[in-house]
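One structure is given here, and the rest of the page talks about it.
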Amino acid sequence: MVNFKHPKKLKIFWTPKSKAFFGIEKKWQERWEKAKCFQVVERSRRKKFYVLEMFPYPSGSGLHLGHAFNYTIGDIFARFKRMQGFNVLYPMGYDSLGLPAENAAIKKGIHPKKYTEKSIKNFMKQQKLLGLSYDWSRLINTSNADYHKWDQWIFLKMLEKGLAYKKESSVNWCPKCKSVLANEQVHNGKCWIHKEVSVQIKHLNQWYFKITDYKEELNDFSELDGWGDRIKKLQKNWIGKSFGSEIDFEIIKTKGFSDINGKKWKIFTTRPDTIYGVTFMVISAQHPELMELVSDEQKKDVEKFLKKIKSVSEKEISDLEKQGVFTGSYAINPVNNERIPVYAGNFVVADYGSGMVMAVPAHDERDFQFAKKYGIEIKEVIKGGNIKERAFTGKGVLINSGRFNGLKSERAKEEIIKFLQKKKIGRKTIQYRLRDWLISRQRYWGVPIPIIYCEKCGAVPVPEKNLPVKLPEKIKFGKGNPLKSAEKWMNVKCPRCGGAGKRETDTMDTFVNSSWYYLRYCDNKNNKEIFNKGKVDYWCPVDLYVGGKEHACMHLIYVRFYTKFLRDLGLLKFNEPAVRLFNQGMLHAEDGNKMSKSLGNVINPLDMIKKYSTDTLRLFLVSVASPDSDFSWSEKGMQGSFKFINKVWDYFKKVKIGKSSKRIESKINKTIKKVTEDIEDLRYNLGIIKLRSLFDEFEDEISKKDAESFLKMFSVFCPHICEELWEKIRGKGFISLSDWAVADERKIDKKLEKQEEQIFKLVEDINNILRIVQGKGKKIKRCYVYVLPNANMIQRVNLKEQSLRSRQFILSKNIVYFLINV
RNA sequence: GCGGGGGUUCCCGAGUGGUCAAAGGGGCAGGACUUAAGAUCCUGUGGCUUAGUGCCUUCGUAGGUUCGAAUCCUACCUCCCGCACCA
């Protein structure tokens with residue numbers, strides 16, 4: 001019989017209407033912590049498993065439901081793997097450098113450090129309430145100098161290997177952030193944080209990481225089978241490998257033909273077959289070398305044009321009209337020596353290819369629009385379309401193309417490139433969309449770039465032994481780069497010559513912090529090296545990485561880049577950071593909209609915990625839908641989950657622990673097998689459904705082993721209540737550390753299942769008859785069914801609420817069934 | 001425009017060739033329990049029917065493949081998301 005320890009205290013918990021399981025949850029959370037249940041060490045005997053969630057930016061407003069969802073998914077898997085006998089590393093940390101802390105400083109006058117510390121405390125408290133089985137001893141915090149010292153160290157290594165460099169370039173500048181943005185942080189020409197603010201173009205001297213050195217490898221997804229196709233596709237598009245040709249066009253500034261001494265521009269094109277149709281060139285209006293091409297006569301016009309396109313910043317980029325202005329320069333078409341005008345245009349991307357394109361209005365829509373607008377010649381060179389009305393972008397047979405007339409596009413491409421190659425003015429080439437990673441930020445709350453500028457020696461790296469370069473605490477916010485206000489900090493001696501030097505006042509993009517954090521968890525307290533190689537060898541790569549898909553193009557590319565770089569430094573033995581990546585779905589509000597403060601439909605996970613308990617929230621989050629699909633919050637659904645937990649609770653309260661029937665044994669073993677598969681596939685919702693229907697079958701008596709098996713499976717979803725019940729049925733130790741239930745296939749009785757199915761049909765049939773008869777006005781209380789023993793297969797079936805001792809079975813409330821010996 | 005993912009019975013959501021009128025939850029209806037309510041339990045929940053049964057309609061729309069389709073193919077409609085003038 002089940003033994004209950006504190007009936008008085010527990011009384012409130014027996015009542016389903018109660019504020020529920022709060023006390024139990026607290027009790028077990030404390031016990032887990034006290035017993036250090038989830039702390040792990042490297043033990044090579046056991047197989048390791050590394051579960052990681054994307055660590056949060058600890059905002060002041062605390063956890064939102066999306067966090068709770070994300071961590072619940074990871075925690076369930078970590079618990080599952082732990083119970084399966086793996087040595088599970090499941091850590092948590094905080095990506096705590098970043099803008100909100102600094103903005104809080106500006107707005108409310110709180111120091112970013114204080115703000116961050118407070119936020120982290122709050123976050124941790126809330127995460128602990130969720131019952132997450134983290135190894136808290138491995139906590140990391142990127143705003144801590146112990147951590148970002150190694151960001152600086154990596155920077156120095158990048159510098160050493162020529163992968164960090166400084167260059168003057170036109171950059172994306174957000175006037176509201178007062179900082180430069182990476183290409184990845186510009187969306188639709190707007191800042192990714194300030195969605196209403198148009199990004200401006202500025203020319204600044206900035207630090208870059210040469211991520212493009214790894215573009216080939218980043219574009220290789222062969223080791224990423226465990227990542228979703230969506231993410232891989234997004235990355236592939238982002239890296240944007242495209243095959244084409246590069247053709248040299250000579251640019252001349254003067255009007256005369258004789259002065260062919262200008263610069264050669266490499267022009268990228270995927271359609272060399274249309275080269276005879278080039279009637280103008282367009283250089284990007286943002287191109288840093290634009291002015292070099294502008295003739296004196298055209299200077300005024302060009303400047304006017306540049307002013308004009310800057311002023312349209314408010315307008316959506318998508319409905320911008322193609323505009324341009326003649327620069328005064330000409331280019332020479334290398335195949336026929338024709339002289340063609342060069343325009344500056346607003347529709348050409350400055351840093352893709354060489355920033356200048358050859359325009360073929362007859363066969364490219366954008367060029368066509370432009371030519372129409374400015375009255376430039378449209379020359380048809382591919383047969384097949386109606387050039388008068390629109391550009392023909394398809395393929396066809398060449399015309400007006402000199403010696404290449406009559407060839408088909410594909411063939412012509414080859415021949416033309418061959419021809420140009422011979423003359424050394426053209427070649428096949430591969431172009432990428434991916435650009436180098438701009439890491440400089442004119443912000444305070446980031447990692448200082450470890451560089452000192454000396455008048456004599458130039459940019460000098462801070463020696464490794466002097467790391468970390470700590471952030472100064474006394475600074476002024478509000479005007480430009482805050483670090484410039486810390487004069488004491490800024491003015492230092494040059495490490496090389498000892499002369500006067502000034503520190504770099506830019507900090508690094510916060511994405512550097514998250515690019516390698518998964519490695520630091522393996523050895524978070526090491527102050528001698530970035531991490532111990534042996535420890536990382538043991539734990540890494542990450543086996544399951546859980547996070548939102550919005551990070552496909554930023555974080556997930558950077559982290560791959562860092563992994564490859566650190567590998568090339570000889571620190572890692574693997575190529576990709578994570579074996580399996582899982583992207584959870586988006587959580588919408590009850591009304592179907594996104595949860596947002598302005599719509600007033602935000603659900604706070606803590607409120608739900610207070611109302612229904614943590615276990616309920618966890619169960620609900622993963623039981624509505626597959627974790628990778630979007631779904632809407634529903635409080636009704638929460639109540640459904642709550643009801644179920646109560647049922648489980650009540651059942652174990654009164655169940656007799658003894659022997660299971662064959663039927664339950666069969667069912668439970670079948671369920672174990674299926675639920676194990678469902679969890680492994682991260683289809684928690686299906687697993688829960690199977691547990692529910694198993695539970696519905698439970699009888700008044702059950703064996704200890706079967707009771708344990710059920711609780712074990714259920715415990716990954718609802719760990720607190722299962723610990724409590726585990727204790728009640730006298731399970732050994734913590735259920736969280738027990739062995740996962742293993743299916744005993746011999747006990748799965750297929751025959752029995754089939755027989756049962758037949759019984760269900762029988763009951764259904766009889767019920768139908770009863771209904772009909774009753775419908776005809778006869779009041780029948782009971783229906784008796786008589787069966788000959790030899791003829792029946794259902795004889796051995798042990799039905800719910802009735803044991804085999806009797807020869808009389810109650811099939812349902814109003815059907816009684818007898819076995820008769822003839 | 002390009003790319004990706006969807007549209008399932010009142011709602012949320014499973015299901016990817018037959019065992020499907022379609023899991024599970026929620027809602028709703030009826031019943032049991034109860035002084036009553038809540039909770040709990042049972043039953044029902046596309047339509048028409050039968051003694052057992054059977055038939056019709058249904059998985060965005062329209063076609064097609066197949067002995068057989070929610071499931072495969074084609075076209076279209078529609079919703080969501082990502083990228084966006086990449087030459």
Side-chain angles (χ1 to χ4, degrees), chain A residues 14-18 184 186-189 228-238 240-242 244-245 247 267-272 274 278 281-282 284 316-323 345-360 363-367 369-370 393 431-435 549-550 552-553 585-586 588 590 592 594 619-620 623-626 628-644 646-647 650 678 683 685-693 696 754 757 763-773 801 812-814:
Chain A
W14 301 133
T15 324
K17 274 174 81 182
S18 78
E184 289 84 344
V186 180
H187 299 150
N188 283 334
D229 289 338
R230 277 176 304 183
I231 294 292
K232 283 190 272 189
K233 194 101 193 182
L234 280 171
Q235 289 206 359
K236 204 163 195 162
N237 289 345
W238 189 262
K241 184 177 186 174
S242 71
S245 320
I247 300 167
I267 305 297
F268 179 71
T269 179
T270 52
R271 292 296 299 271
T274 62
V278 177
M281 310 288 283
V282 189
S284 167
E316 277 296 321
I317 309 256
S318 52
D319 34 80
L320 255 188
E321 205 188 342
K322 283 160 194 50
Q323 294 178 42
N346 64 344
F347 65 100
V348 173
V349 178
D351 44 7
Y352 183 74
S354 58
M356 195 192 292
V357 297
M358 59 177 232
V360 186
H363 304 291
D364 181 282
E365 273 164 36
R366 293 155 300 184
D367 299 347
Q369 284 176 34
F370 193 87
T393 56
Q431 196 52 237
Y432 289 85
R433 241 177 64 110
L434 184 75
R435 285 154 230 172
K549 53 182 164 258
E550 66 273 19
C553 292
M586 277 254 292
H588 298 275
E590 199 137 12
K594 278 186 182 176
L619 183 66
F620 170 69
S623 60
V624 228
S626 170
D628 59 355
S629 60
D630 300 352
F631 75 99
S632 296
W633 174 258
S634 144
E635 188 147 354
K636 283 267 162 60
M638 269 294 276
Q639 286 168 359
S641 295
F642 184 60
K643 267 199 256 179
F644 181 64
N646 273 290
K647 272 199 241 177
D650 289 341
D678 283 336
R683 306 205 299 177
N685 56 328
L686 300 184
I688 289 165
I689 286 165
K690 278 159 201 153
L691 282 177
R692 273 177 181 261
S693 61
D696 284 345
K754 209 158 193 186
E757 226 172 86
V763 171
E764 213 182 298
D765 288 348
I766 294 170
N767 274 331
N768 277 333
I769 298 167
L770 280 174
R771 213 169 304 126
I772 290 155
V773 176
E801 305 180 46
S812 77
K813 203 173 162 94
N814 39 16

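Scope of the values below: all heavy atoms of this structure, side chains included, with no hydrogens, waters or symmetry mates.
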Atom [atom1], compared across [N] and [M]: separation rounded to whole Å:
N	M	atom1	result
B:C76	B:C28	C1'	36 Å
B:A62	B:C77	P	15 Å
B:G13	B:C81	P	15 Å
B:U71	B:U65	C1'	14 Å
B:U19	B:U74	C1'	30 Å
B:A69	B:G82	C1'	33 Å
B:C41	B:C56	P	38 Å
B:U9	B:U58	C1'	7 Å

Q. What nucleotide, of B:A87, B:G26, B:A84, holds the atom closest to the side chain of A:K643?
A.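 The closest nucleotide is B:G26.
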Q) Of the nucleotides B:C41, B:A84, B:A87, which has the atom closest to the A:R433 side chain? A)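 Selected nucleotide: B:A84.
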Q: Indicate the ring-plane relationship of A:F347 and A:F370, choosing parallel, tilted or perpendicular according to the 30° and 60° boundaries.
A: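 Judged by the thresholds at 30° and 60°, the geometry between A:F347 and A:F370 is tilted.
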Spacing between [X] atom [atom1] and [N] atom [atom2], to the nearest angstrom:
X	N	atom1	atom2	answer
A:M356	B:A87	CE	P	18 Å
A:Y352	B:A87	OH	C1'	7 Å
A:L234	B:G3	CG	P	13 Å
A:F644	B:C41	CZ	C1'	16 Å
A:I231	B:G5	CD1	C1'	12 Å
A:R271	B:A87	CZ	P	12 Å
A:F642	B:G26	CZ	P	14 Å
A:K636	B:G27	NZ	P	6 Å

Need one value for [X]: base, sugar-phosphate or nothing, where a base atom within 4.0 Å counts as base even if backbone is also close, heavy atoms only.
X	value
A:D364	nothing
A:V360	nothing
A:S634	nothing

Q.
Counting only heavy atoms from other residues, nucleotides and ligands, does the tally under 6.0 Å from CD of A:E365 exceed 12?
A.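 Atom CD in A:E365 is not crowded, with 12 or fewer foreign heavy atoms closer than 6.0 Å.
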**Q.** A:T269 side chain vs A:S245 backbone, donor-acceptor pair below 3.5 Å
**A.**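 No, A:T269 side chain to A:S245 backbone: no donor-acceptor pair under 3.5 Å.
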Heavy-atom pair with the smallest gap, counting every atom of [X] and [Y]:
X	Y	result
A:A359	A:D367	CA-OD2, 3.2 Å
A:F631	A:A625	CB-CB, 4.2 Å
A:T393	A:D364	CG2-CA, 4.1 Å

Q | Base-pairing mate for B:C83 - Watson-Crick or G-U, with both contacts under 3.5 Å | A |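 Per the H-bond distance test, B:G1.
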Q) Should B:U35 form a Watson-Crick or G-U wobble pair with both distances under 3.5 Å, which nucleotide is its partner? A)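 By the stated definition (distances under 3.5 Å), nothing pairs with B:U35.
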In the structure I gave you, are the side-chain heavy atoms of [X] and [Y] within less than 4.5 Å of one another anywhere?
X	Y	value
A:I231	A:K233	no
A:S623	A:F644	no
A:T274	A:M358	yes

Q: Take A:K647 and A:Q639, find for each the nucleotide of RNA chain B with the closest heavy atom, and name the residue whose nucleotide sits nearer the 5' end.
A: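 By nearest-heavy-atom nucleotide position, the 5'-most residue is A:Q639.
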Is there any protein nitrogen or oxygen under 3.5 Å from a nitrogen or oxygen in nucleotides 11-17 of chain B, and what are the pairs?
{"unit_1": "B:A14", "atom_1": "OP1", "unit_2": "A:S626", "atom_2": "N", "d": "3.1"}
{"unit_1": "B:G15", "atom_1": "OP1", "unit_2": "A:R683", "atom_2": "NH1", "d": "3.1"}

